S.K.: 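The structure is given below, and queries will be raised subsequently.
On a predicted model such as this, the values are computed, not experimentally measured, just so you know. Keep in mind that the numbers below use all heavy atoms, side chains included, and drop hydrogens, waters and symmetry copies. Every chain is numbered from 1 and lettered A, B, ... according to where its sequence line falls, protein lines coming before strand lines.
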Amino acid sequence: MYWTGLSPDEARQYLANKDKSKRDKRVSLKEAVQKFVKDGDNIGIAGFVNGRQPIAIVHEIIRQGRKDLTLSYQSAGLAIEYLAGAMVLDESKNSIKRMELAYWAHEAFGISPLLRYLSERNKVELEDWSNYNMSARFKAGSMGLPFIPCRGPMGSDMLKCNRAVMIDCPFTGRPIMLLPASHPNVALVHVQEADIYGNCRIQGPLFTCPEIAMASAHIIVTCDRLIEHDDMTRFPNRISIPFFSVDAVIEVPFGAYPGNSHGVYYFDEKHIPEFRGACEKFRKGNAEPLKEYYDNYIFGVENTAEFINKIPASQILQVQKSESGIRLDAAYTVLG
Amino acid sequence: MYWTGLSPDEARQYLANKDKSKRDKRVSLKEAVQKFVKDGDNIGIAGFVNGRQPIAIVHEIIRQGRKDLTLSYQSAGLAIEYLAGAMVLDESKNSIKRMELAYWAHEAFGISPLLRYLSERNKVELEDWSNYNMSARFKAGSMGLPFIPCRGPMGSDMLKCNRAVMIDCPFTGRPIMLLPASHPNVALVHVQEADIYGNCRIQGPLFTCPEIAMASAHIIVTCDRLIEHDDMTRFPNRISIPFFSVDAVIEVPFGAYPGNSHGVYYFDEKHIPEFRGACEKFRKGNAEPLKEYYDNYIFGVENTAEFINKIPASQILQVQKSESGIRLDAAYTVLG
Amino acid sequence: MAKYSEDFTAQEMIVVAGSRTLEDNKVVFAGTGLPMVAITLAQLTHGPGIVPVFEAGAVGPELSRGLPLSVGGSRTTYKANYLLGLNSAFELTQRGYADIGFIGGAEIDPYGNLNSTMMGSFPEGYQKPKTRLPGSGGASDMACSCERTIIIMVHEPRRFNEKIDYITSPGYLDGSPNARWRAGMAGQGPHRVITTKAIMGFDDETKRMKLLATLPGETVNSVQEATGFELIIPNDVYEFEPPTVEEIRLIREVIDPLGYFVRKKIKE
Amino acid sequence: MAKYSEDFTAQEMIVVAGSRTLEDNKVVFAGTGLPMVAITLAQLTHGPGIVPVFEAGAVGPELSRGLPLSVGGSRTTYKANYLLGLNSAFELTQRGYADIGFIGGAEIDPYGNLNSTMMGSFPEGYQKPKTRLPGSGGASDMACSCERTIIIMVHEPRRFNEKIDYITSPGYLDGSPNARWRAGMAGQGPHRVITTKAIMGFDDETKRMKLLATLPGETVNSVQEATGFELIIPNDVYEFEPPTVEEIRLIREVIDPLGYFVRKKIKE
């Protein structure tokens, strides 16, 4: 059995020795990526398809350049497409070595052009799992267990090429599947609200964010807004990731744009097709639109604020206005 | 391997065939106990020590009389003590056959007199586990898994007399413990707020209540207050037990008294010693105070409202006043 | 006004058929795309008590805030009755809470096994497929653990094959007796296959696909011709009731006015 | 005013010793009773950054609302930084988030194995013990999975035995090399044993209990006499600094004015 990222025993030891004190973890996104994302890392990508994907962190990784990454996620869209786009444009600067995944596409916005491009050329090693498999693998990691049992997908061809193990249940005698834990080197997580110590409050579906975060050795959190610690601890039942798991907290408004951040902004139904369209053109042989997209929106800017500034204000106002998600449970004070 | 309650396959089949429609589930506590609690049942006791224990339901069970019960819980206090008291007073009417437990005592209020009485006379079959073991067994049940791995307590004598199985992890090669799922016939759960369909919002520590509820074939919920369905679904992230798991909902103010219901009332620091003292006297040979206690507070009343009415108002006001727990996240409308 | 619509697309027909197949008051685990549209239509017509479950975490929401563009999108959460994450949604399903799983696929075999992973040779060509598809997502989990599944497919010969390239979502596996039970699965398997041409079920004995009804404009022959393997054709194949004017109006005006899932060519 | 208190009980001494053993800024998983009092004292003195974890679910609360009467009581939750349930608390612990577990027991052996289940013959007498104790609770989980444990005990000969009747919470098991690792445990095992008479640790090689310090009023001999097995007595045993006036004041006036845990005779 081989492990990507950390093995369960390594992950335990790493965390046991980690400084868990409650301290101000605000840094710049540049510093956070410099410090916690290394070439060759296994990276846990939080969010789900195009909901709360860590877009701002991924853009910064692309600007800095990282190679030989293993990407672990259940279902993802934009975050992976952006990393893949950077790879196909300049493999010497950014590259994905391997993916442990359940789904890479964009649901209503269409399939992933670059999944087809990369896999049909065998440029990325794939390990297919189901959404529950990947979610449960992170869950096992976050629980400190080397594996977790699961009832599916038995009989699927996924089992022929992934590390799941079938056993006979020692209690019922029936076959059951065991999934090895996933412990990424670093988790990239975007949430609506965090405090300066790293406590995170997630609105709407939690996806697999708490599990991915707590399974990983390091966690970078971006949030749409930093709030007062006391506003966070007033509702402890609503804290989804406790401070001591988190290494870096960065307030990045629109950090999941052009995807959906529940209760804050909806999908940008113009910008997602704009980016995806450029990827599709690349797949069909025309690299220029994708190159232009990156030069304009990623390499041509310093940060997410500048990226957002290039989007027509009407689009930004629209994604805020059309967001139907549940707003905050309570009043809060935004940190100035 | 033997199962108490339902086996994993029985539990799956039972639930697959169950009516999961969203319908008004209010009934009287009498009816709920008549319908869902049978002689010989494995009963999952929710709450933790003396916090949110299902006292009102247990008192009603005692009034109706149930025999040969298996009680499953992590740490419990009053709920079990009440059932045990009923048993020692009249074994022909109420009896506990077996307990799957981690701890039975009252923390600051002292040990359990009747655990000593019953076990030292071998009147109850015991299966010892740890708090995490029992919690994880319910969790496995609620997840639809026949077992769940766990890292403890290896090397403990508990493993010699319970159904845990040690295996070598197929991924790391290291020993790990597997816990069989627990699927009680019925879960007894007290929460602060529920709606008429059975959705439950728990304030403060969740204990193992969601897992016990969702592992069981039937669930009886008592709540300190019924609230409007729309007030419940306004904060879906705070719903701890979804309606389709629940069979019966009963508004029983003070349904966990004399224990703590987080945010509503604190421990009654007078009444708990009063009851526990009667149990201790019984253990030491004087049955009279315990008999009087039951005649006065349980058999002599019809329901929890009458029980509460026998407590000095000053005590009731005190447990409300001294409760320091977190109050509701939001305004709500109490159903009239 | 006429009861039945005279102008509808194959995609609209599939949504109507899917919707009508859903019983009221059941818990329905919804895959992305057409299943979401069909569930919404059912809720607006005969099934107001349907409890949708979305794998990203939302359970029992009202789908009245517009068509969700994702099973994790904000519109899946309005007045939800439970809202955690993927693990909790799939755990509910394993436990037995999901009466129906509603999924799609790119390719299907006679036993209802689905492929949404890759076209090409497997396992040799796994790392270099001819066509790479998005992957399982939650479909294989639903296929295993929902009590029954309903499958939605575009009906083309290349998608209906005696042998598929890759089994992503297990149906009745090789069709042998109790194959699913012996494999360790909890759910009972595929209940219906709804396509652009027909409604199909499965033979109780052989577990092979069986024609139940032809959709408007189709015949038993046209369905068999569009199917890459031999269907069981019983004597009582019936014609499916065409979409009503009201159903088509709801799809076009209320549920998917921008045509995200319904007017587009169906893709996986 | 004198720095040191001249009037304190054995229970108060144990709380002071427990408190001083806790480093600031560590995550401390608190068993019920005296450990809760000791953590609160540490937070009020040298360890304001200690992060308490309670097995019922509360993580990182401020313990300023009065002494919790239960590890699941409302007073464990004020300004908590995470608040789910037992599974989540123990999962954190398995994962490596709990630096210290702080537990008690009724009986202990030289390797730090604890009994809080039963007195009598085991396994024959399991269903009819001589004395039945409350059971493990979460102590055995803490003993296995917290990175280190601190044990609090009443120091009486009958509680310190070469062989205990029942191992509830594993220490170093039989003391053989890597016994805990070989058994599959994640944590490193007992760090300190704090009693009404002494502070003890464990020998690195043999894993047997070793006297480190005597509490005020005790000597090496009085400690050994109160111990039912032979302690390792190194040359550098020191006298533990007596409780300060301020520590005793905090216990009596601020933390446990009603004497729920501290003035009572310690029981398990």
S.K.: Quick one: CG on D/Asp99 to CZ on A/Phe244, what's the gap to the nearest 0.5 Å?
M.R.: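 One finds 9.5 Å between CG of D/Asp99 and CZ of A/Phe244.
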S.K.: Give me the atom names and distance for the closest heavy-atom approach of A/Pro236 to D/Ala80.
M.R.: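 Scanning both residues, the minimum pair turns out to be CB-O, 3.4 Å.
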S.K.: Between chain D and each of A/Ile239, A/Asp230, A/Asp9, count heavy-atom pairs under 4.5 Å; write down the option with the most.
M.R.: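 Looking at each option in turn, the highest pair count goes to A/Ile239.
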S.K.: Counting N and O atoms only, with roles assigned by atom type, does the side chain of D/Arg95 sit under 3.5 Å from a partner on the main chain of A/Ala11, one being a donor and the other an acceptor?
M.R.: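 Flag set: sc D/Arg95 to bb A/Ala11 pair under 3.5 Å.
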S.K.: For D/Lys79, is there any backbone N or O sitting under 3.5 Å from a side-chain donor or acceptor partner on A/Arg234?
M.R.: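 The answer is no, because no donor-acceptor pair under 3.5 Å joins these two groups.
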S.K.: Is any side-chain heavy atom of A/Arg12 closer than 4.5 Å to one of D/Glu147?
M.R.: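 Yes; the side chains approach each other to less than 4.5 Å.
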S.K.: A side-chain contact here means heavy atoms from C-beta on lying under 4.5 Å apart; do D/Leu92 and A/Met143 qualify?
M.R.: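 Side-chain contact under 4.5 Å: no.
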S.K.: At under 4.5 Å between heavy atoms, what parts of residues 200-211 of chain D are in contact with chain A? List them by residue number.
M.R.: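 If one takes a 4.5 Å heavy-atom cut-off, no residue of residues 200-211 of chain D lies near chain A.
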S.K.: CD of D/Gln94 to OG of A/Ser142: how many Å apart, nearest 0.5 Å?
M.R.: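 So the CD of D/Gln94 and the OG of A/Ser142 are separated by 10.5 Å.
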S.K.: Determine, stepwise, if the pair A/Lys20 / D/Val51 fulfils side chain to side chain contact (heavy atoms under 4.5 Å, CB included).
M.R.: CA-CA 9 Å; A/Lys20 303 173 195 86; D/Val51 180; over 6 Å; no
S.K.: Looking at CD1 of D/Ile50 and OG of A/Ser21, how far apart are the two atoms once the value is rounded to the nearest 0.5 Å?
M.R.: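 Interatomic distance, D/Ile50 CD1 to A/Ser21 OG, rounded to 0.5 Å: 12.5 Å.
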S.K.: With a 4.5 angstrom heavy-atom cut-off, could you sort out which part of A/Ser245 is near chain D: side chain, backbone, both or neither?
M.R.: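 Both backbone and side chain.
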S.K.: Around D/Glu62, counting heavy atoms of other residues, nucleotides and ligands shown, do more than 12 lie under 6.0 Å from its CD?
M.R.: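 Counting neighbours around CD of D/Glu62, more than 12 heavy atoms of other residues, nucleotides or ligands fall under 6.0 Å, so yes.
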S.K.: Let's test your reading of the structure: which of D/Gln188, D/Arg148, D/Glu91 forms the most heavy-atom pairs below 4.5 Å with chain A?
M.R.: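 Result: the option with the highest number of such pairs is D/Glu91.
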S.K.: Is D/Thr77 close to chain A through its backbone or its side chain, or both, or neither, when contacts mean heavy atoms under 4.5 Å?
M.R.: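 Backbone only.
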S.K.: So for atom CD, which belongs to D/Glu23, do other residues, nucleotides or ligands contribute more than 12 heavy atoms lying within a distance under 6.0 Å?
M.R.: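 Atom CD in D/Glu23 is not crowded, with 12 or fewer foreign heavy atoms closer than 6.0 Å.
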S.K.: To the nearest 0.5 Å, how far apart are CE in A/Met214 and OH in D/Tyr82?
M.R.: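 It comes to 4.0 Å.
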S.K.: Nearest 0.5 angstrom please: A/Thr233 OG1 to D/Leu83 CG, how far?
M.R.: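 One finds 11.5 Å between OG1 of A/Thr233 and CG of D/Leu83.
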S.K.: Has D/Asn81 got a side-chain atom pairing as donor or acceptor with A/Pro242's backbone, closer than 3.5 angstrom?
M.R.: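 Not confirmed, D/Asn81 side chain does not pair with A/Pro242 backbone.
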